[in-house]
Number of protein chains: 2
Amino acid sequence: MNLGALRSHNAALVLGLLRDAGAEGISRLELAERTGLTPQAVSKITARLRERGLAAEAGRRASTGGKPRTVLRLVPEAGHAVGVHLDRDELRVVLVDLDGAVVAERCAELDLGAGAEAVLGAVSAAVRTVAAGSLAGSGSPAAGGKGSTGGGGGLGGAGTLVGVGVALPGPLDHARGVLHRVTGFPEWDGFPLRDALAQRLAVPVVVDKDTNAAALGLAVCGETGGAGRSFAYLHLGTGLGAGLVIGGSVHRGARTGAGEFGHQVIQLDGPLCECGNRGCVEVLCLGAVARGDVGEAARVLGVAAGNLVGLLDIDVVLLGGRTVAGAPEAYVRGVGEVLGARARREGVRGGAVPVRVAPRGERVVAEGAAQLLLAPLFGRGDA
Amino acid sequence: MNLGALRSHNAALVLGLLRDAGAEGISRLELAERTGLTPQAVSKITARLRERGLAAEAGRRASTGGKPRTVLRLVPEAGHAVGVHLDRDELRVVLVDLDGAVVAERCAELDLGAGAEAVLGAVSAAVRTVAAGSLAGSGSPAAGGKGSTGGGGGLGGAGTLVGVGVALPGPLDHARGVLHRVTGFPEWDGFPLRDALAQRLAVPVVVDKDTNAAALGLAVCGETGGAGRSFAYLHLGTGLGAGLVIGGSVHRGARTGAGEFGHQVIQLDGPLCECGNRGCVEVLCLGAVARGDVGEAARVLGVAAGNLVGLLDIDVVLLGGRTVAGAPEAYVRGVGEVLGARARREGVRGGAVPVRVAPRGERVVAEGAAQLLLAPLFGRGDA
DNA sequence: TGCACTTTCGCAACAGCGTTGCCAAAGTGG
DNA sequence: CCACTTTGGCAACGCTGTTGCGAAAGTGCA
C-alpha cells in the first residue's frame, strides 16, 4: 500500500463512520477510538474533509467534566449518486445523497425489446431529469477519490454527481459491465452496457445484478447489524435469486454468477425446471405460489434458506420481492419455522438465524444501485 | 490504518510474493510492479527482511541489456510452525517451515475419550518432540509481526517457532478457541482448548475446524489458482463437510459454523438423517457408499456441489477424505459430469467448474493447521 | 580492446503521513 | 473565583514511501 492510498483509505474510513453515525453525529475522539488512530490524526483528516465540504461541525455533546466534545457529521448534500433499476417492463431511477437518502425519483414503463438505442435513450433521459432537477444551482465541488472524472460534461452543472449505478436481472459481467443473456431478448447478448451509458452520460457507470445491488443497499442501511457481518437477501418475484453479503462485502464470484439461489436442487426427482434440472427451489416454490399454497412455498423456501444458512453461517436472512410483499408475515413465519426447527435440532448456540422482511420495498434495488458508486467512498471495497 | 500497520502490511505483502515465487525467486523490480510500490520502497523493505534473516539474495537473472536483476528468495528455515490434526482416533503433528514444507512429522493413535488431561499431554508431548527434534541448534531470531511472544519459554531453544495450529472436526468457536460439542465425547463440551494448550506450550495456539484448515492449506499451496480466488474443499470421510475459501480468505462465519455441507437437503422427502432433517446429502451419499454404489454417491455429491457452485460461483472444487481416496477417479468423474451437464444447460461462459482431487492426501489438514499461524505473516488475514 | 548504452540498485534529500509535546479553549465543581 | 478536567489545535518530530542522482554491472558495436 502506497502513502496516497493510505491517506484515502483513512479518509474513507472516517467518512464511513461519519455516515454510520447519521444525524446524531460523532466526535473526533470517538472517531479516534474506532479507527485506532490518534486524536490528532483524526483532527487532521476531519479538517481535510471539512475543507472539501464533506464534513461539518454540528453542535456539542454534554460535558463530562471538561470541554465538551464537538460533534461532526457528514454533509449529505456534498455529493450525489444515481441508481437505476432496469427491469423487464419498468425503469426506476433515484437520486440519492451521500447519506443514501432519496432526493428525487422517477419511474417509467420500459420495453427491453425496443432495442438498445431506445432503451439507452430512455435511461439517459430519465437520469438527466432526475439528476439535473435536483442539482441545479449546486456548485460546490466534492472531488471524490482518485477515479473522479469531474463533472461538467454530460450532466448539466452536476459537479457533485459521483456516477450512475445500474442494476438489472440477467446474467452479466460486473467487472466489464457487459450483459450476457437477457432471457427473451437475444439482441442484448454481449451488449457493453456500462461503456455505452458512460459515453452517453459522461460520468462513471457501474453495472451489477439486481440482487447484488439490493444486498449492497441493505448492507449499507445498517438493518443487517453493521459492517463485517454476513447476510443473504432472498428475492422472490418472477424468479428466485439471492444477493450475498459475506464479511461486509457483496460476494459476486469471478463470473458475477454468485447468488443463483433459485436453481438449487432440493428434490432429486422433483419436477423439471426450465433450467434443465429437476427439483429446483424455484420450480417448487413458484409452483406452490401458483397453487395459492403460501405455506408450502414458504416451507420450501425455508429448506433452501436453511441449506444456505448452514453452508455460510450467515447472520440474517432478509426476504424481498413482489411475491413476498403479498404476504410478508406468512413468508417470514414459514421460513423462520424451518430455520428454527433446524437450529433446535442441531443445538446451535444463540438460537436460529433471524428472518426479516427487507426494508425499503420496491426501491431497494434502485437505492442499492446508487450505493455501487457511493460505497467505495466510505471504505467499503464492494462496489 | 496506522503507519506501523502500513509497514508490516507492506512487509507481509512482499513476504507473500517471495513465498509464492518459491525456489525460483523474484527480483526487486518484479516485487515493485506487483505491489504497486516504487523500486526504492521495495529495496528498503527487502533490506529490512534480509536483516531479519527472512529473505536472502539468490543469484541473478540473465541480463536484458543492462545490469542483471538480483533474485531474492524467502529463507524457509527462518521460521517454523507446528500443525496438529486431532481426529477421533488419530493424532498427526507436522513441523513446517516458512515455505510450508514439512520438515518433521509424527503420527500416533489417540483416544479422545481418555479425558482432557491425557489428550493434552499426548498432544503436548508430540508437539515438543516434533519441534525440538528439528529446531535443535537453530538460534537465529525471526521476530514475526506484532503478536510474537518470543520463544525461549516452553519449547526448548525453539526461537523460530511461530506457534501451533490445531485442527479438529467438531463444532467449535474459532475466535475463542473453545470446543462446542464433540460427538460421543460430552466431557469436551465447552473445553477451552486454545488457552489450555497455549499455557502448556507457552507459544501462540490457534484452533480451527479440520475442513477450514485443509482449505487454508490448499489456498496457500497454489493449487487453486492464486490469491483472490474462491474454491470449495469437499471432505468425504466418516462425515461430509466443506471448507470454503472466498476471495482468497477462509470463510468461517460468525459462529465458525460455515461449511456445513453434509446436511444440505437435496431430497425433501428423503431418508431421515441423524441431524433430524430428511434427505441430507450426507445420508444419501454415505448410504450409496455403504451399498457400494460409488456412481450414485458421486452423482449425489455432484448435485450438492452444483448447488454450492451456483450459489457462490467458485472457481474450483477439490475433493478429499478417505472415501474419495478409495476411488478418486470415480468421484472426480461423477461430480464433474453433474457440474458439466449443469454448465452446458445454463450456457455458462468458460465452461464448467473444474473438479480435482485435493493434493497432499492425508496430511492436508495438519499442514493447513500450521498455515493458521503462517498465513498472517504473508499478508493473508485469514488465520 | 575500448566506448556507448541499458538496466539495476543504493545513497541522499524530500514531501507527506501519523505521532508526540505543549498550550489555549471551554466546560464542571467547590 | 479558582482549581480541575477534558477537548482540540499548533509545532516539532520520526518514520513512511518517493524523487534525484550516481555507481555497478552487464550488452553490443566499432
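Note that the structure is predicted; figures quoted are calculated from it, not measured. Numbered from 1 within each chain, the chains take letters A, B, ... in sequence-line order. Because only heavy atoms are used, hydrogens play no part in the values below, and waters and symmetry mates are left out as well, while side chains stay in.
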Nearest-angstrom distance from the residue atom NZ of A/Lys44 to C1' of C/dA15: 12 Å
Distance in angstrom units between A/Leu13 CG and C/dC17 P, rounded: 16 Å
No-H, no-angle donor-acceptor pair, A/Gln40 side chain to D/dG8 base, under 3.5 Å: no
Selection from D/dT6, C/dC9, D/dG17 that lies nearest to any side-chain heavy atom of A/Thr64: D/dT6
From C/dC9, D/dG8, D/dG17, nucleotide with atom closest to B/Ala41 side chain: D/dG17
Interatomic distance where CZ belongs to B/Arg28 and P belongs to C/dT7 [whole Å]: 18 Å
A/Arg252 side chain to B/Leu312 backbone, donor-acceptor under 3.5 Å: no
DNA chain D: 5'-proximal contact among B/Val42 and A/Thr46 (nearest heavy atom): A/Thr46
Atom-pair distance (CD1 on A/Ile45; P on C/dT19), nearest Å: 9 Å
Atom-pair distance (CG on B/Leu31; C1' on C/dC9), nearest Å: 13 Å
Proximal nucleotide (of D/dG17, D/dT16, D/dG8) relative to the B/Leu37 side chain: D/dG17
Listed nucleotide nearest any side-chain atom of B/Lys67, set C/dT8, C/dG18, D/dT18: C/dT8
Distance test, side-chain N/O of A/Asn10 to OP1/OP2 of C/dG18, below 4.0 Å: yes
Residue-phosphate contact under 4.0 Å: B/Ser63 side-chain N/O, D/dT27 OP1/OP2: no
Side-chain donor or acceptor of A/Asp208 paired with backbone N/O of A/Ala213 under 3.5 Å: no
Touch class at under 4.0 angstrom, heavy-atom based, for A/Thr70 against every strand present: sugar-phosphate
Any A/Asn2 side-chain N or O less than 4.0 Å from OP1/OP2 of C/dC17: no
Spacing of CG belonging to A/Leu74 relative to CG belonging to A/Leu17, to within rounding of 0.5 Å: 11.5 Å
Integer-rounded Å distance: C/dA25 P and A/Arg60 CZ: 13 Å
Touch class at under 4.0 angstrom, heavy-atom based, for A/Arg48 against every strand present: sugar-phosphate
Any A/Thr38 side-chain nitrogen or oxygen under 4.0 Å from OP1 or OP2 of C/dT19: yes
Closest-nucleotide ordering on DNA chain C, the 5'-leading residue of A/Gly36 and A/Pro68: A/Gly36
B/Arg176, CZ atom: more than 12 neighbouring heavy atoms under 6.0 Å: no
Rounded interatomic separation in angstrom, taking CE from A/Met1 and P from C/dG18: 12 Å
Polar side-chain atom of A/Thr160 near backbone of A/Ala78 as donor-acceptor pair, under 3.5 Å: no
Residue pair B/Pro68 / B/Arg61: nearest heavy atoms and the distance that separates them: CB-O, 3.2 Å
Phosphate contact (C/dC9 OP1 or OP2) by B/Ser43 side-chain N/O below 4.0 Å: no
Interatomic distance where CZ belongs to B/Arg7 and C1' belongs to C/dC17 [whole Å]: 14 Å
